[in-house]
Amino acid sequence: MGSHHSTRRTLPSATLLGGALALLAAGCTRIDGLAPVTTQGDAVHWLFMFELGLAFLVAGAVGCAVVYAMFKFRDRPGAPDPPQIHGNTRLELAWTGAPALLLVLLFVLMVRSMSTVEAEAATSLRVRVIAHQWWFEYQYPELGIITANELHLPVGQPVRLELESADVVHNFWIPQFGWKKDNTPNRTTHMNVVVNEAGTFDGACTEFCGTQHAWMRIRAVASPPAEFQAWVTRNQRPAQSSARGQQVFQQNTCVSCHAIQGVSDARVGPDLSHVGSRTTLGAGVLGNSPDELRSWIVEPGRIKPGALMPGYPDLPEDDLRALVEYLGGLK
Ligand code: CUA
């Protein structure tokens with residue numbers, strides 16, 4: 001018991017650091033807001049770069065004119081007063097007309113980008129993205145799959161994300177998708193994406209939504225169609241794992257909050273049907289090793305204060321070991 005307690009005392013900093021290192025070491029995940037991987041993000045990015053270039057041109061031209069005027073028309077000793085001018089119709093038309101034309105151009109380009117971003121393909125794969133305090137739930141209604149925190153998508157196929165919230169306002173942001181949108185309670189908003197590159201892209205909730213807003217991470221895994229199909233097939237079937245651990249799961253209150261295919265269909269917490277195949281726990285706060293899974297079960301409230309899940313510090317050691325083995329084995 002002594003060693004057990006000391007593990008618990010050093011847990012938060014050690015496991016948090018471990019989790020952060022695991023996320024860094026994952027390495028192949030990418031976060032780069034200036035390198036979108038979606039068709040829609042490309043449209044937004046192009047408009048952004050064009051406007052940025054235009055803004056530099058205008059600011060440069062105005063700056064040069066100001067500097068030129070400062071030197072050319074500065075006061076010199078003994079110089080007479082300059083000619084006094086009241087109004088110049090042609091100049092005034094020019095400096096009103098030119099910015100107006102630029103604004104019209106930007107408006108047209110913006111509407112064009114918006115129609116690209118909003119365009120909905122008839123063949124879209126639907127995914128409900130339901131934000132919770134503090135994790136994301138993903139439901140694939142046509143595929144009969146429900147999962148959490150890690151969003152799997154096929155490359156090159158239109159996907160329609162239906163953003164919802166189970167509680168407060170959240171925001172779904174994967175920088176490399178190219179733009180972001182709120183998850184609003186009692187209202188469904190949409191993001192249509194075509195991901196054009198395979199890879200793992202990280203993101204986060206970006207609307208303050210309570211104490212653990214910072215640990216509401218998103219990980220999107222985009223894979224080639226065949227690989228995605230394999231993921232679908234695997235996730236449509238219940239995973240096989242330790243029978244003894246399943247018993248522990250069912251005999252404790254785990255079963256009243258978490259769904260596992262063929263075992264339970266509670267929907268308070270994240271679906272755990274294939275939790276063993278995820279790369280993180282607690283929406284990114286920990287990696288998914290047996291040790292981390294164990295500490296999460298024992299005291300989630302110390303790792304992620306405010307998390308709804310109660311801890312199980314009094315679970316007998318045998319049960320705990322079986323439960324960790326069971327959940328880790330759900331792949
Ligand atoms: Cu959810 Cu911030």
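One-based numbering, in listed order, for ligands and for the atoms of each.
Note on E317 versus R321: salt bridge recorded, some NZ/NE/NH1/NH2 to OD/OE distance being below 4.0 Å.
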Under the criterion side chain to side chain donor-acceptor pair (under 3.5 Å), I'd like the reasoning laid out for T39 against N196: C-alpha separation, chi angles, the key distance, then a yes or no. CA-CA 7 Å; T39 305; N196 295 313; 3.0 Å; yes

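Here M216 meets the criterion, with an N, O or S atom under 2.8 Å of atom 1 (Cu) of ligand 1. The nearest N, O or S atom of C209 is closer to atom 2 (Cu) of ligand 1 than 2.8 Å.
Of all N, O or S atoms in E207, the one lying closest to atom 2 (Cu) of ligand 1 is O. Restricting H170 to its N, O or S atoms, the one at the least distance from atom 1 (Cu) of ligand 1 is ND1. Within H213, the N, O or S atom at minimum distance from atom 2 (Cu) of ligand 1 carries the name ND1.
In this structure, R294 fails the cation-pi test against W296, since its NZ or CZ atom is not both closer than 6.0 Å to the six-membered ring centre and inside 45 degrees of the ring normal.
Taking the side chain as every heavy atom from C-beta outward, L143 and L125 approach each other to under 4.5 Å. Counting only heavy atoms from C-beta outward, the side chains of Y312 and V248 never approach each other to under 4.5 Å.
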